[in-house]
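We count ligands from 1, going down the list as the structure has it; atoms in each ligand are counted the same way.
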Amino acid sequence: MTRLYDDPSSFAQDALAGFLDANASYVSGVPGGAVRARVPRAGKPAVVVGGGSGHYPSFAGLVGTGLADGAVVGNIFTSPSSDAVYSVATAASVGGGVLLSSGNYTGDVMNFTQAAERLRDDGIDTRLVFVTDDVASAPVHEAGRRRGIAGDFVVFKVAGAAAEAGYVLHEVERAARLANDRTRTFGVAFAGCTLPGQDHPLFSIARHKMGVGLGIHGEPGVSEDDVPRAAELARLLVDKVLRELPADQDRVAAILNGLGSTKYEELFVLWRSVSSLLTRAGLKVIEPEVGELVTSLDMAGCSLTLVALDEELEALWRAPADAPGYKKGSLPVVGAGTPRRGQDRRVTELPGSSAAQSVPSVSRESQRAARTVLAALEAMAAALKGAEDELGRIDAVAGDGDHGRGMSSGVRGACAAVALVVDQGGGLRAALEAAGDAWASTAGGTSGALWGAALRAAGEHLDDEREVQAMAVTAEDVAEDAPDGKAVGAAPAAIAAFRAAIAAITRLGHAEVGDKTMLDALVPFVDAFESEVARGVEWVEAWRAAAAVATTTAQATAALRPLVGRARPLADRSLGTPDPGAVSLALCLGVVAEVLRRSVNGPSSR
Ligand code: ADP
Ligand code: MG
């Protein structure tokens with residue numbers, strides 16, 4: 001149970017503000033996260049780590065000497081947006097390039113990769129390392145698809161120590177990859193965690209049972225078993241990890257990690273057996289960590305991480321570090337470096353993506369279309385608010401339960417940005433682009449990145465002066481532009497924009513129809529829309545019919561096993577539950593159909 005909060009929806013930001021205040025000698029707030037309070041030596045590669053909140057001391061607690069230079073802080077269990085990653089990385093960079101590192105989750109991979117592209121465009125050499133230590137999340141022949149859990153810490157520690165020791169960027173990257181290649185984790189969960197403001201945990205386990213092969217985002221284990229005695233659990237953990245650990249070394253680093261509410265004493269009892277099993281296996285354990293390094297809110301559980309150390313990794317593992325949430329050895333001066341100037345201790349919001357931009361002047365039709373986009377987004381916001389809990393519930397079945405919250409905050413961000421565009425007389429293209437940028441920035445996560453990219457791509461595809469002329473969406477437009485009462489150009493323009501959106505989603509997520517994602521609603525929608533239009537159906541009615549198809553295909557994803565995304569390791573559990581991203585998309589398409597119908601036919605018809 002998470003008992004202490006003010007506004008549950010701002011829990012992550014409120015926690016970050018308190019953390020920054022309490023650790024002002026170590027860290028400064030920047031938009032999107034935290035950086036070291038003192039600027040490291042010029043030319044040092046910056047190690048920027050990150051992910052969702054709920055994992056303390058990961059990630060912000062690891063900002064300090066010998067560890068990270070910056071941490072990007074997302075909402076609870078939600079990847080930070082690419083804007084946030086870019087913002088923190090820019091603030092942390094001191095001329096030696098940037099290493100970005102996070103766990104290997106779809107949302108983090110998308111957002112960190114997009115930020116890296118922007119940093120490189122700015123001339124900042126940027127490398128990416130995604131951690132894949134969790135042996136339970138994919139078989140060995142698909143090791144690249146594994147997720148990052150407590151092994152995140154190993155990779156961050158090694159990269160941070162390497163950068164502190166004077167390695168140049170590509171050497172820091174090499175060391176971080178080496179650490180990832182030689183790190184394996186396996187864990188168990190005894191009880192699920194509860195999001196702030198919620199009454200029920202994201203998953204529950206019967207008394208005396210445990211989830212085997214845990215995730216760190218409230219995902220349940222991949223299977224269930226009886227809770228054994230500590231000595232027996234030690235054997236299970238050691239067996240699972242050793243089976244996959246490179247066997248060419250006899251020295252290992254170890255982390256026995258608590259997930260949030262397993263007591264330190266319990267961990268020490270367990271460690272007693274783990275340690276003797278490792279010794280019996282002929283391994284020498286180097287400076288083990290027994291405690292909480294990568295948590296999952298108040299989840300009860302633990303995991304064992306082993307690192308097959310070569311000489312270089314051992315030196316980097318042993319190197320001193322001094323961060324708010326992790327201290328090791330002794331460093332000459334706490335927080336060495338010059339004080340950072342002009343930074344606030346408090347977190348500052350990311351600037352609204354389109355707020356300050358001026359919009360190009362466009363035709364009256366395009367301005368009207370922008371107003372319709374705003375009306376559509378507002379209707380979507382109301383519908384998503386109503387569906388927030390249910391979307392969270394179906395996301396929690398095999399994912400992390402954040403989909404409802406993410407969609408709600410994304411669409412609210414989009415509404416605010418588009419309202420500004422409309423106020424400034426902007427058109428359809430500017431409205432959709434602003435909606436996309438703001439959605440991605442405020443929501444974060446996988447769906448935030450994908451909705452953001454899709455809306456932006458749709459907007460970029462619509463030429464304000466040519467296509468929008470034809471894309472009449474109000475009764476007035478229909479009368480003006482198409483004397484026969486039908487806005488004939490609207491459907492082809494909309495179809496092309498939708499196809500551009502699908503291409504953007506595919507480019508970013510590499511998913512296909514049938515993988516159990518939002519594409520299982522979007523692609524059937526566009527296909528149905530196109531064929532309805534080809535049959536001569538008026539386009540708003542065609543949209544409505546296609547939205548009904550999307551609702552059906554979204555529900556039909558219940559029969560599918562997820563092949564991508566956070567739910568993939570728990571594919572069996574997901575059977576019988578529809579994909580949350582497909583359900584929310586179908587909901588939005590249906591709501592927009594209604595807005596378009598009212599817009600074209602007037603509120604009183606049908
Ligand atoms: P996260 O998985 O980061 O918690 P959300 O819960 O907000 O993100 O969104 C999950 C949804 O994102 C899934 O239900 C699915 O529809 C969609 N999704 C996940 N991965 C992909 C992908 N590779 N391509 C397209 N859609 C995806
Ligand atoms: Mg989710």
Exercise for the section: Tell me which one of L450, D395, L508 gets a heavy atom nearest to atom 21 (C) of ligand 1. Expected result: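 Among L450, D395, L508, the closest heavy atom to atom 21 (C) of ligand 1 belongs to L450.
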Could you tell me which atoms of ligand 1, counted from 1 in the order shown, lie closer than 4.0 angstrom to a heavy atom of [X]?
X	value
G565	20 (N)
D400	4 (O)
S447	5 (P), 7 (O), 8 (O), 9 (O)

Looking only at protein heavy atoms, which one is nearest to [atom], and what is the separation?
atom	value
atom 9 (O) of ligand 1	H403 ND1, 3.2 Å
atom 17 (C) of ligand 1	M518 CE, 4.0 Å
atom 2 (O) of ligand 1	T446 OG1, 3.4 Å

Do you know which N/O/S atom name in [X] is closest to the Mg ion (ligand 2)?
X	value
D400	OD1
D395	OD2
D402	OD1

Exercise for the section: With N180 as reference, evaluate D133, N104, D152, T132 under the side-chain hydrogen bond (donor to acceptor under 3.5 Å, both in side chains) test and give the passing residue. Expected result: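 The single option meeting the side-chain hydrogen bond (donor to acceptor under 3.5 Å, both in side chains) with N180 is T132.
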Practice task
State which residue, out of S79, S82, S81, fulfils the side-chain hydrogen bond (donor to acceptor under 3.5 Å, both in side chains) condition with N111.
Solution key: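 Result: among S79, S82, S81, S79 is the only option passing the side-chain hydrogen bond (donor to acceptor under 3.5 Å, both in side chains) with N111.
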Handout entry: Aromatic ring proximity F525/F498, centre distance under 6.0 Å
Key =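 Yes - the distance between ring centres of F525 and F498 falls below the 6.0 Å cut-off.
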Could an N or O of ligand 1 be found under 3.5 Å from any N or O of [X], whether backbone or side chain?
X	result
L519	no
D579	yes
V564	no

Handout entry: Any S79 heavy atom less than 4.0 Å to ligand 1
Key =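 It does not, in that no heavy atom of S79 comes within the 4.0 Å cut-off of ligand 1.
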Is [X] salt-bridged to [Y], cutoff N-O under 4.0 Å?
X	Y	answer
D298	R3	no
D134	R184	no
R393	E388	no
E244	R146	yes
R561	D572	yes

Exercise for the section: Would you mind telling me if ligand 1 is within reach of the side chain of T106, the backbone, both or neither, using heavy atoms under 4.0 Å? Expected result: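 For T106, only side-chain atoms sit under 4.0 Å from ligand 1.
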Practice task
Quickly, which of F156, F153, F59 forms a ring-ring contact (aromatic ring centres under 6.0 Å, His included) with Y326? Name it, please.
Solution key: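 With Y326 as partner, F156, F153, F59 yield a single ring-ring contact (aromatic ring centres under 6.0 Å, His included), made by F153.
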